[in-house]
Amino acid sequence: MLGIGIVGLPNVGKSTLFNAITKAAVEAANYPFATIDKNIGVVPVPDERLLALGELYRKDGKLPPIVPTTVEFVDIAGLVRGASQGEGLGNQFLANIREVAAIAHVVRCFEDDDVVHVEGRVDPLSDIETIDTELALADIATLERRRDKLRKGAKGDRSVAETVAAMDRVLAALERGTPARAVDVALPADVQLLTGKPVIYVCNVTEADLAEGNAYVDAVRARAASEGADVVVVSARIEQELAELPGDEAEEFLRDLGVERSGLERLIETGYRTLGLITFFTASEKEVRAWTVRDGATAPEAAGEIHSDLERGFIRAETIRWDVLVEAGSLAAAKAKGRLRTEGKAYRVRDGDVMHILFSV
């Protein structure tokens with residue numbers, strides 16, 4: 001479960017954003033329940049380190065194949081007030097959100113009389129409250145059912161009593177309007193609460209507000225800061241246009257807009273971090289490739305991402321920081337300077353490591 005669910009009220013721009021992410025040319029329809037089924041897009045994570053490593057292995061003027069790592073985005077059906085009671089596509093919305101590891105909450109931060117708002121006004125903080133409330137209500141129902149079942153099934157069991165007490169603490173927080181992710185309580189691993197998932201707020205603005213933001217964005221940033229959440233400002237319409245342009249034209253378009261990088265690149269990178277993921281690399285004349293592991297993974301676990309045989313037969317890993325390797329100019333030069341390290345099974349992989357796995361069959 002590593003996907004990021006794109007959620008939001010109808011007509012906030014989330015489907016347009018998803019279309020841009022997947023480079024789809026389909027324009028989002030302008031009515032509340034346009035997205036009925038969830039859609040999944042697997043997109044590359046932008047990483048300039050790959051090209052720098054690729055240059056080390058250029059041969060006859062050609063770079064070796066360069067393979068980025070990816071992140072999964074899920075376009076989830078639009079939610080409306082009452083979703084926790086099954087209103088609109090509420091049941092489907094909630095079921096789909098349970099399947100993702102993090103939430104990208106798209107909020108409308110633009111005025112446009114031609115794009116109707118399901119609540120009849122533009123108020124991003126109210127939109128956030130609407131979705132937060134529905135998720136909290138669903139979590140309350142989930143916890144109450146689970147707690148009541150535990151109470152009936154194992155009276156006098158101390159561990160069960162502790163679990164019930166933990167659930168009571170989370171329930172009390174949810175009823176106060178505090179999401180589960182803000183409560184320092186350990187619940188059973190199979191209790192997957194919707195408000196326990198990390199959130200990125202995605203402010204959808206017009207072209208004019210892309211560089212500097214606006215009052216709506218400022219309000220969302222203040223809200224996010226109070227929660228320790230990230231904010232990414234995008235213009236979904238502009239991103240969809242960018243997705244259809246060749247690379248050099250897209251870069252020129254961004255410069256004209258006064259921004260250095262596309263909102264999608266920033267969203268993808270932010271989402272990757274929010275999922276608690278890091279990147280390590282393998283590099284040779286045959287291929288330069290990025291690999292994903294969770295932050296804190298050991299060297300054998302990283303080897304397993306490449307192939308299960310490498311994890312089972314792991315002996316050691318020859319490891320070097322990507323920038324140290326680039327500075328040295330080649331792996332041979334880095335080895336001659338003593339910059340190549342040998343790491344064992346206990347080594348925890350760091351973001352940016354270039355690794356060569358030694359293993360036995």
Side-chain angles (χ1 to χ4, degrees), residues 1-4 42-59 63-72 101-102 181 184 186-190 192 196-198 230 268-361:
M1 185 172 66
L2 291 178
I4 300 172
V42 179
V43 294
V45 177
D47 198 327
E48 296 178 353
R49 298 173 295 183
L50 276 169
L51 186 58
L53 290 170
E55 289 292 345
L56 297 180
Y57 297 94
R58 184 185 287 273
K59 186 175 182 180
L63 291 173
I66 293 178
V67 183
T69 189
T70 60
V71 65
E72 178 183 283
R181 60 182 171 273
D184 187 17
L187 294 176
D190 61 339
Q192 298 291 326
K197 300 177 186 293
D230 285 315
I268 292 167
E269 290 179 353
T270 301
Y272 193 73
R273 289 197 311 272
T274 299
L275 291 172
L277 303 176
I278 61 172
T279 300
F280 74 95
F281 304 98
T282 54
S284 69
E285 292 182 357
K286 293 182 178 180
E287 178 185 80
V288 175
R289 185 176 186 127
W291 302 88
T292 296
V293 290
R294 60 177 179 80
D295 195 1
T298 62
E301 289 172 330
E305 292 297 322
I306 300 172
H307 197 285
S308 58
D309 287 349
L310 272 65
E311 182 172 9
R312 284 193 296 267
F314 181 90
I315 299 174
R316 63 184 183 275
E318 293 181 341
T319 308
I320 186 171
R321 291 280 303 168
W322 76 274
D323 50 343
V324 174
L325 177 55
V326 170
E327 182 180 0
S330 71
L331 188 62
K335 186 178 295 187
K337 294 178 181 178
R339 306 306 300 273
L340 197 64
R341 310 187 313 274
T342 298
E343 304 289 358
K345 293 182 178 180
Y347 177 69
R348 297 195 178 277
V349 179
R350 294 184 294 172
D351 186 69
D353 279 347
V354 181
M355 304 183 72
H356 174 63
I357 308 298
L358 301 176
F359 69 105
S360 61
V361 294

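- With contacts defined as side-chain heavy-atom distances shorter than 4.5 Å, the pair I357/I306 qualifies.
- You'll find the side chain of V354 stays beyond 4.5 Å of the side chain of V324, heavy atoms only.
- Smallest separation of non-hydrogen atoms from F359 and I315: C-CD1, 3.6 Å.
- The OH atom of Y347 sits 4.0 Å away from the CZ atom of R341 when rounded to the nearest 0.5 Å.
- Here the closest heavy-atom approach between residue E285 and residue P64 is recorded as O-CB, 3.3 Å.
- Atom NE2 of H356 and atom CG of L331 lie 8.5 Å apart (nearest 0.5 Å).
- Nearest heavy-atom pair, G344 versus F314, reported as atom, atom and distance to 0.1 Å: C-CE2, 3.8 Å.
- Atom-to-atom distance recorded for R289:CZ and E305:CD is 10.5 Å, nearest 0.5 angstrom.
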Show your reasoning for whether side chain to side chain contact (heavy atoms under 4.5 Å, CB included) applies to K197 and R181.
CA-CA 6 Å; K197 300 177 186 293; R181 60 182 171 273; 5.8 Å; no

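- Side chains of E301 and V293 form no contact here, defined as non-hydrogen atoms less than 4.5 Å apart.
- D351 and R49 are joined by a salt bridge, as a carboxylate oxygen and a charged side-chain nitrogen come within less than 4.0 angstrom of each other.
- Minimum interatomic distance between T274 and D230 (heavy atoms only, all atoms of both residues): OG1-OD2, 4.1 Å.
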Under the side chain to side chain contact (heavy atoms under 4.5 Å, CB included) rule, what do D309 and V361 come out as? Steps first, then yes or no, please.
CA-CA 7 Å; D309 287 349; V361 294; over 6 Å; no

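- Enclosure of atom CG in D184 is not indicated, since only 12 or fewer non-hydrogen atoms of other residues, nucleotides or ligands lie within 6.0 angstrom.
- D295 pairs by the side chain to side chain donor-acceptor pair (under 3.5 Å) definition with nothing, not counting sequence neighbours.
- Atom CZ of R339 sits about 6.5 Å away from atom CD of E327, to the nearest 0.5 Å.
- Taking 4.5 Å as the limit, some side-chain heavy atom of L325 sits within range of a side-chain heavy atom of L53.
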Going through the checks in order, is the side chain to side chain contact (heavy atoms under 4.5 Å, CB included) test met by L63 and L51?
CA-CA 9 Å; L63 291 173; L51 186 58; 3.5 Å; yes

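- Atom-to-atom distance recorded for E318:CD and E343:CD is 11.0 Å, nearest 0.5 angstrom.
- A299 and M355 make their closest contact through CB-CE, 4.1 Å (heavy atoms, listed as atom of the first residue, atom of the second, distance).
- Taking both residues in full, the closest heavy atoms of I66 and G54 are given as CD1-CA, 4.3 Å, listed atom of the first, atom of the second, then distance.
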The test is side chain to side chain contact (heavy atoms under 4.5 Å, CB included); show your working for D353 and R321 and say whether it passes.
CA-CA 5 Å; D353 279 347; R321 291 280 303 168; 3.9 Å; yes

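- Rounded to the nearest 0.5 Å, atoms CZ (R294) and CG (L275) are 14.0 Å apart.
- Checking Y272, W322, W291 one by one against T279, the side chain to side chain donor-acceptor pair (under 3.5 Å) holds for a single residue, Y272.
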